[in-house]
Amino acid sequence: MNSLFAKTILCIGAGYVGGPTMAMIAHKCPQYRVTIVDINADRIARWNSDQLPIYEPGLDEMVQAARGRNLFFSTDIEKGIRESDIIFVSVNTPTKTFGVGAGMAADLQYWEKTARQILESATSDKIVVEKSTLPVRTARAMERILFSTQSGIRFEVLSNPEFLAEGTAVKDLEQPDRVLIGSRLTESGIRARQALTEIYANWVPLDRILTTDIWSSELSKLVANAFLAQRISSINAISALCEKTEADVTQVARAVGMDSRIGSRFLNASVGFGGSCFKKDILNLVYICRYYGLNDVAGYWESVIEMNEYQKTHFVMTMLNAMFNTLAGKKIALFGFAFKADTGDTRESPAIYIARRLIEEQADLAITDPKALVNAKADLKDVEGKVRFVEDPYEAALGSHAIAIMTEWRQFRDLDYERVYQSMVKPAFIFDGRNVVDHQKLYQLGFNVYPIGKPALTHL
Ligand code: UDX
Ligand code: UDX
């Protein structure tokens with residue numbers, strides 16, 4: 001069976017990164033056999049069903065077309081390792097919750113376990129590709145494990161970080177700004193790098209496939225996420241100043257972003273960034289800087305996270321102050337729970353923090369989100385009974401004192417706000433944590449409107 005295919009590719013870890021990335025390789029390269037394995041049997045069962053474990057526009061179609069042809073999902077990790085030429089590793093590397101570096105460093109236990117599994121099951125030479133985001137110099141640790149026996153099997157470790165963003169994963173994979181491949185600069189390292197380049201060259205122009213030494217590649221991934229998050233914290237810091245000075249953060253961002261040296265993207269002020277990567281990767285960067293004694297450098301990057309925490313607290317304080325310093329017993333509808341639009345993912349979503357703070361204030365919460373209610377329920381399991389989860393935004397808003405927009409779903413922009421307003425307790429408040437609705441129009445309907453980084457529009 002394997003001989004029908006030019007290459008056999010394995011991916012360990014069927015998550016947000018591994019699943020879509022491998023589906024794209026299978027889609028673009030029918031000549032390769034691609035298998036994805038995971039220790040989580042439920043997850044694999046879902047990848048083999050009509051209800052994929054993650055929602056990404058365009059993903060269902062791609063998986064359905066390739067599954068069973070050259071894309072396979074399985075729990076047999078050993079067999080997968082034995083039969084593959086190239087192994088991508090995209091198991092999770094969460095922030096450590098215990099011991100040295102707790103709350104900061106990456107927890108590499110799954111990573112190390114996977115390296116040992118590869119060593120135990122391999123019966124032929126392998127190229128092992130780091131797909132997960134890792135601390136710089138993890139490849140060295142991986143090599144130490146893989147080279148620790150006299151098996152005669154040769155392993156080459158490459159770094160190939162993934163830059164896809166959730167909600168646009170398929171597009172990002174199909175037309176990446178760049179594909180980054182880091183290797184050892186030895187003859188065999190460069191040969192392995194070429195083998196990986198060949199895969200991507202099936203659909204990515206060669207001038208977008210960037211090859212570097214392995215440490216630069218590992219570090220670049222952390223730095224790219226840190227820079228993106230830093231832009232958001234920078235504009236969010238300015239949004240607080242705008243609220244005090246009657247400047248408008250959208251206008252400021254436009255004026256600043258038109259400078260081609262700065263650029264316009266990632267300057268949307270918000271209630272704060274979320275997602276599984278930004279905070280984790282910056283904490284990781286901070287930890288590494290401290291490890292090397294670079295305390296000032298660590299402090300600089302840490303402030304990006306501090307600013308993000310401030311932004312969430314500031315949002316709750318704005319709500320509290322506007323609503324006469326008490327939220328107790330008031331009905332509040334949270335519009336959106338996902339960390340951004342077009343995904344059901346809620347990891348590190350600012351909505352989690354804000355929901356908890358509002359519950360502490362004894363507000364009566366109703367949460368609505370088109371894709372994230374299942375995750376929202378899991379995130380708020382410990383406060384079960386204190387919050388309702390509602391499919392329909394009109395129903396969530398019914399009888400409420402305030403709406404707080406957490407996620408920039410298109411649906412929320414297009415609601416009939418006249419109807420929403422009529423169904424609410426007066427004075428009715430709307431706090432737009434994403435600057436997505438038409439503030440002037442809502443104000444004219446009667447709402448007291450509190451955007452991010454713009455003067456509030458109130459009738460009070
Ligand atoms: C993960 C990391 O969080 C990120 O840093 C990295 O860049 C890519 O991998 P993601 O795909 O979003 O991102 O994680 P997740 O959706 O949690 O998927 C990881 C998968 O690995 C899970 O399905 C988990 O069951 C699996 N896994 C974990 C294994 O198969 N083996 C293990 O030993 C541990
Ligand atoms: C990010 C990186 O973009 C991606 O390259 C990397 O591989 C993984 O981490 P992701 O977390 O999926 O991707 O989403 P992203 O679009 O970067 O948004 C992250 C957070 O920042 C979201 O909460 C989003 O709402 C917020 N954001 C983004 C803003 O608040 N303002 C902006 O201008 C842009």
Side-chain angles (χ1 to χ4, degrees), residues 11-22 36-44 46-47 53-54 56 73-75 77 80 88-95 106-117 130-135 138 160-169 172-173 176-178 180 218 221-222 224-229 231-236 239 249-250 253 257 264-282 284 308 311-312 336 338-343 345-351 406-409 433-436 452:
C11 176
I12 305 180
Y16 283 88
V17 171
T21 310
M22 291 306 120
I36 312 183
V37 291
D38 201 293
I39 44 169
N40 183 336
D42 283 350
R43 218 171 208 194
I44 290 298
R46 287 188 66 191
W47 278 111
I54 62 172
E56 278 294 335
F73 296 90
S74 157
T75 49
I77 302 177
F88 289 85
V89 184
S90 77
V91 299
N92 41 341
T93 49
T95 303
D107 182 349
L108 295 174
Q109 60 171 314
Y110 308 118
W111 187 262
E112 178 168 337
K113 203 186 83 206
T114 304
R116 290 182 190 281
Q117 232 170 4
E130 299 177 339
K131 216 19 157 170
S132 306
T133 305
L134 296 158
T138 301
N160 173 221
E162 186 46 66
F163 296 101
L164 66 81
E166 284 177 34
T168 53
D172 295 341
L173 286 163
D177 285 350
R178 78 308 205 183
L180 178 59
E218 286 181 332
K221 170 66 197 198
L222 291 181
N225 274 347
F227 272 47
L228 289 168
R231 283 174 72 88
I232 303 167
S233 277
S234 296
I235 199 69
N236 280 345
S239 76
V249 76
T250 307
S264 61
R265 298 178 65 191
F266 266 69
L267 288 181
N268 292 322
S270 67
V271 61
F273 60 72
S276 68
C277 292
F278 284 175
K279 185 172 174 191
K280 167 171 78 75
D281 291 352
I282 295 175
N284 197 340
N308 200 49
Q311 193 70 356
K312 293 181 273 186
F339 80 99
K340 64 176 192 179
D342 294 323
T343 174
D345 193 352
T346 59
R347 289 179 292 177
E348 296 295 334
S349 177
M406 298 285 100
T407 314
E408 69 280 22
W409 287 104
R434 296 288 180 169
N435 286 345
V436 286
I452 299 272

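Atom set for the values below is all heavy atoms of this structure, side chains included, hydrogens, waters and symmetry mates excluded. We count ligands from 1, going down the list as the structure has it; atoms in each ligand are counted the same way.
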Here the atoms of ligand 1 under 4.0 Å from any heavy atom belonging to T93 are 2 (C), 3 (O), 5 (O)
Quick note on ligand 2: atoms under 4.0 Å from a heavy atom of C277 include exactly 8 (C), 9 (O)
So, regarding F273 and ligand 2 (criterion: nitrogen or oxygen to nitrogen or oxygen, under 3.5 Å), is there a contact or not?
no
Do me a favour and list the nearest non-hydrogen protein atom to atom 9 (O) of ligand 1 with residue, atom name and distance?
S90 O, 3.3 Å
Which heavy atom of the protein is the closest neighbour of atom 19 (C) of ligand 2, given with residue, atom name and distance?
F278 CE1, 3.5 Å
Among T21, L164, L134, I39, the residue with a heavy atom nearest to atom 31 (N) of ligand 1 is I39
Of all the non-hydrogen atoms in the protein, which one sits nearest to atom 5 (O) of ligand 2, and at what distance?
F163 O, 2.7 Å
Proximal candidate to atom 8 (C) of ligand 1 [heavy atom criterion; set I36, V17, T114]:
V17
Steps toward salt bridge (Lys or Arg N to Asp or Glu O under 4.0 Å) verdict (E130, K221):
CA-CA 11 Å; E130 299 177 339; K221 170 66 197 198; over 6 Å; no
For ligand 2, which atoms sit closer than 4.0 Å to a heavy atom of L267?
33 (O)
Which residue from N225, D177, V271 reaches closest to atom 6 (C) of ligand 2 through any of its heavy atoms?
N225
Backbone, side chain, both or neither: what part of K113 comes under 4.0 angstrom of ligand 1, heavy atoms only?
side chain
Could you list which atoms of ligand 2 come closer than 4.0 Å to a heavy atom of S270?
29 (C), 30 (O)
Across all chains, not counting sequence neighbours, the side chain to side chain donor-acceptor pair (under 3.5 Å) partners of K131 are N160, E162, Y200
Distance-only N or O hit between ligand 2 and F339, under 3.5 Å:
yes
Just let me know how R347 lines up against ligand 1, side chain, backbone, both or neither, with a heavy-atom cut-off below 4.0 Å.
side chain
Give the atoms of ligand 1, by number and element, whose distance to some non-hydrogen atom of N40 is under 4.0 Å.
25 (O)
Under 3.5 Å, N or O to N or O, is A165 touching ligand 2 that way?
no
What part of N268, side chain, backbone, both or neither, has a heavy atom within less than 4.0 angstrom of ligand 2?
both
Between R434 and ligand 2, find which residue part has any heavy-atom pair under 4.0 Å and reply side chain, backbone, both or neither.
side chain
Out of K340, E162, R265, the nearest non-hydrogen contact to atom 18 (O) of ligand 2 is supplied by K340
Would K221 count as a contact of ligand 2 if the rule is a heavy atom under 4.0 Å away?
yes
